[in-house]
Amino acid sequence: MRFGVSHGFALAFLTCTWLVPVRASAVGTRVFELDSLEKLSGGELQGVAVGSDGVVRAGWTLSNLDLPPDAGTTVACALALPDGSVLVGTGPASGGKVVRVATDRATVLADTKESAVSALAVDRAGVVYAATTGNKIYRVIAGRAEVFATLPDVGSILALAVDKGGEALFAGTGPVGKVVRIAPGGTSSVYLEADAPFVVSLAVGEDGAVYAGTSGGHGLLYRVTAPGRATVLYDFPGGDVRAIATAPSRALYVVVNEESGNASETQEAAAPRKTSGGRSLSGPVSGPRSKPGKGSLWRFDALGRPERMMHHDEFHYESLTVDGTGRPYVGTGAEGRVYTVDDAHAVALVADTTERQIASMGVGARARFIVGSDPAVFHRIVSVGGPEALWTSKPLDAGLRARFGHLTWRGTGPLEVSTRTGDTQTPDAAWSAWSAPVDEGGATPSPPGRFIQVRARLKDATATLADIVLPFVTENLRAVVTEVAAKSPAATHESKDALPQSGSEVPKHDSVVHLAWKVENPDNDELRYRVQFQHEGQARWVDATRPDDVLTKQELDWETAALPEGKYRLKVDASDEMANPPGAVTHNALVSAPVVVDNTPPIFKSVNMQGRRLRAEVVDGVGPIARIEVAIDGRLEWHPLAAADGILDSADEMVDSDLTPLVGPAGPHIVAIRVFDAAGNAAVRDIEAP
């Protein structure tokens, strides 16, 4: 997560994975600010909700009930019955069962002997139907699962819904996407052939229209009014229309996932991995397991107009339900959370479970529940808020061992706020115990540590918490300069890995030397740098920057035009004086390797022509001579010459070359000879060849 920034700039603080502390105006002090949904929802929520307005308030209090160990570890769907009990369809391994939850007791009601129960539905007569990841629909009667219908040319059944009359069923299938209608006697017929591999979600509207969502490359929402009579209500940018639920006033909510790869996992005809949830009109409908991606919740009004109500780019959505007032609730496919959103697009996190996914939910009058998957756990929604309602932040990482200051917040109602500290990312026995309650604005009582958590107990449904601010100061560690590199900008084209090109041109001379350095800054203090240079053979260090320059960049262009040529060393000093009081300031300096300063061209000691043979001697103050070349009769075509000893490697070089191949055997010519030193300084002399 990212934490808010005071005074407009952020600190990239070490390797904190979910928050960034911010700098306050006080020297050396940083601040954790928890003032948004993102920052407040990183820890544990027990009976509390966190809104997009940055306020913690009363939320769902959940009970926990593990499903029978032989029922399977994953959940695909759930269904609330009129008597208040809930049926849960389980998946692999050891899945394919229908579990009944009543009076906080879970028992296996029926076993389909299939890999997974992918969808559940109940008709007007109270008969329960269970679809499987094969091609069969079972009727659950008296604790037995009997085959009710076998769908031809179907690999998996991914969703179920009951028609408006409450008698016939609709089934969504794959890997050939179809909506199949199953009559009360078990006979089936194709109701819709979709333009997508999978129909993963179904719902039936008040007017009897069937809404079908697809997955597998095309995220289409169909409205089907009769066999073969369908319109595409919307073509979503994401490839997975995961869930559909109807709401009062003929509104429709749709969960859509945009995935990083294909819109859904590859599925063979009877792929048991593909699971889906489905149920009758009044409850949630969820689709097969998807890859992680981006989740969106859309609403369609009675006129079919779309509006995106909520989205998360960090994870996908898994399940959907709507309560009696028309408020939607979305279960996530990562971190096991439940979000809701109102008409003004205000988002709230209302439940945070320990399971990886929220497979199904119900918020009806008879049953209010959440079913988590991986592992499979049934949660009954017991109440909103309560005396045990607790909000706990995620461990806040100061990066280094820190002392924590006065803790402030904005709250209403009875609150108890406390803290604890430790030196490990995951709280363990070495952490301090939770402190006694802290008064608003009071000093943090917990001992120093790298990590800290803040906990608040909301003692009744009126209590709220917002705008938590916690200053801290870390131990001051010295920044260390680890590398200083200096080179002329003209040489920046050189590759560190490739062999230099033979005969390449000498860079143009530049008197500016570019200096850059690397620093290890463990406590991320703002640093000030001072640069000095020293001429080789001298003891005195000279400032390369003015005393009033405040250099904070890790680079400097050093102008050498007014310096005598020779070898120099540069020293970079790093100071944390801008972040610490005088008595706590630390320094560290590093000296570079020798840097050659050469701003004068080579000198010709002699140049002469004897017939067609050119002889010359050139010398440079620093050297080495890097290139010697000639041009004939003013043509801008320069030809390289070799040194007399065969290699250019010193400040004093001789030339002894026969120019006959260039000037021919006879006739006068003007020969220009040009020499470069390694710094790019050049000198030219002309001579006449008889």
Side-chain angles (χ1 to χ4, degrees), residues 1-6 11 13-14 16-24 26 28-50 54-59 349 352 385-460 463-475 523:
M1 288 188 176
R2 298 183 302 275
F3 270 36
V5 180
S6 297
L11 294 173
F13 196 78
L14 295 178
C16 303
T17 58
W18 74 284
L19 67 92
V20 177
V22 300
R23 181 178 295 281
T29 301
R30 299 178 174 91
V31 177
F32 291 120
E33 294 180 348
L34 285 69
D35 56 5
S36 69
L37 172 59
E38 182 184 25
K39 303 168 193 176
L40 290 164
S41 62
E44 297 179 9
L45 281 67
Q46 179 180 321
V48 298
V50 181
V55 177
V56 180
R57 48 175 62 89
L349 171 61
D352 187 4
E388 297 303 316
L390 282 176
W391 169 85
T392 305
S393 75
K394 202 167 185 176
L396 311 178
D397 187 0
L400 298 166
R401 194 168 181 81
R403 292 182 294 108
F404 299 94
H406 289 76
L407 181 62
T408 61
W409 65 84
R410 178 170 56 86
T412 61
L415 285 170
E416 285 186 358
V417 179
S418 56
T419 62
R420 66 175 177 177
T421 54
D423 293 301
T424 57
Q425 174 69 64
T426 302
D428 55 21
W431 274 54
S432 69
W434 285 106
S435 71
V438 183
D439 292 334
E440 196 281 325
T444 302
S446 297
R450 173 176 169 176
F451 299 92
I452 188 168
Q453 279 185 296
V454 182
R455 185 180 71 179
R457 186 183 302 277
L458 282 63
K459 302 181 73 172
D460 66 28
T464 65
L465 176 70
D467 297 338
I468 300 169
V469 178
L470 178 59
F472 65 93
V473 177
T474 60
E475 297 173 341
D523 56 4

I need the minimum non-hydrogen distance between [X] and [Y], along with the two atoms involved.
| X | Y | answer |
| --- | --- | --- |
| A402 | F472 | CB-CD1, 4.0 Å |
| Q425 | P395 | O-CG, 3.3 Å |
| A463 | P414 | CB-O, 3.4 Å |
| D352 | G43 | OD2-O, 3.2 Å |
| A433 | R420 | O-CB, 3.8 Å |
| A443 | V438 | O-CG1, 3.9 Å |

Straight-line distance of [X] [atom1] to [Y] [atom2], nearest 0.5 Å:
| X | Y | atom1 | atom2 | value |
| --- | --- | --- | --- | --- |
| T29 | R403 | OG1 | CZ | 8.5 Å |
| L400 | D397 | CG | CG | 8.5 Å |
| T474 | D523 | OG1 | CG | 5.0 Å |

Residue list, salt bridge (Lys or Arg N to Asp or Glu O under 4.0 Å) with D460, at least two apart or on another chain:
none
[X]: which residues meet the side-chain hydrogen bond (donor to acceptor under 3.5 Å, both in side chains) condition with it, sequence neighbours left out?
| X | result |
| --- | --- |
| T412 | T464 |
| W409 | none |
| Q46 | none |

Using a 3.5 Å distance criterion without hydrogens, assess whether the side chain of [X] forms a donor-acceptor pair with backbone atoms of [Y].
| X | Y | result |
| --- | --- | --- |
| E475 | R401 | no |
| W391 | L465 | no |
| D467 | D35 | no |

Decide yes or no for [X] and [Y]: does some side-chain heavy atom of the first lie under 4.5 Å from some side-chain heavy atom of the second?
| X | Y | result |
| --- | --- | --- |
| W431 | T424 | yes |
| R30 | P471 | no |
| V50 | V55 | no |
| F451 | T421 | no |
| I468 | L40 | yes |

Should we count CG of D439 as having more than 12 external heavy atoms under 6.0 Å?
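No, not enclosed.
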Does atom CZ (R455) have a neighbourhood of more than 12 heavy atoms from anything else shown, all under 6.0 Å?
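Yes - once you tally the heavy atoms of other residues, nucleotides and ligands closer than 6.0 Å, there are more than 12.
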Let me see the working for K459 and L415 under side chain to side chain contact (heavy atoms under 4.5 Å, CB included), right down to the final yes or no.
CA-CA 6 Å; K459 302 181 73 172; L415 285 170; over 6 Å; no
Using a strict cut-off of less than 4.0 Å between a Lys/Arg side-chain nitrogen and an Asp/Glu carboxylate oxygen, indicate whether E33 and K39 qualify as a salt bridge.
no
All side-chain contact (heavy atoms from CB on, under 4.5 Å) counterparts of A389, not counting sequence neighbours
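Residues passing side-chain contact (heavy atoms from CB on, under 4.5 Å) with A389: V48, L458.
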Going by the side chain to side chain donor-acceptor pair (under 3.5 Å) test, which pairs reach into residues 440-449, not counting sequence neighbours?
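For residues 440-449: T419-S446.
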Decide yes or no on side chain to side chain contact (heavy atoms under 4.5 Å, CB included) for V417 and V454, but give the supporting numbers first.
CA-CA 7 Å; V417 179; V454 182; 3.9 Å; yes
For F404 and L470, run side chain to side chain contact (heavy atoms under 4.5 Å, CB included): C-alpha distance rounded to whole Å, both residues' side-chain angles, the deciding distance at 0.1 Å, then the answer.
CA-CA 7 Å; F404 299 94; L470 178 59; 4.0 Å; yes
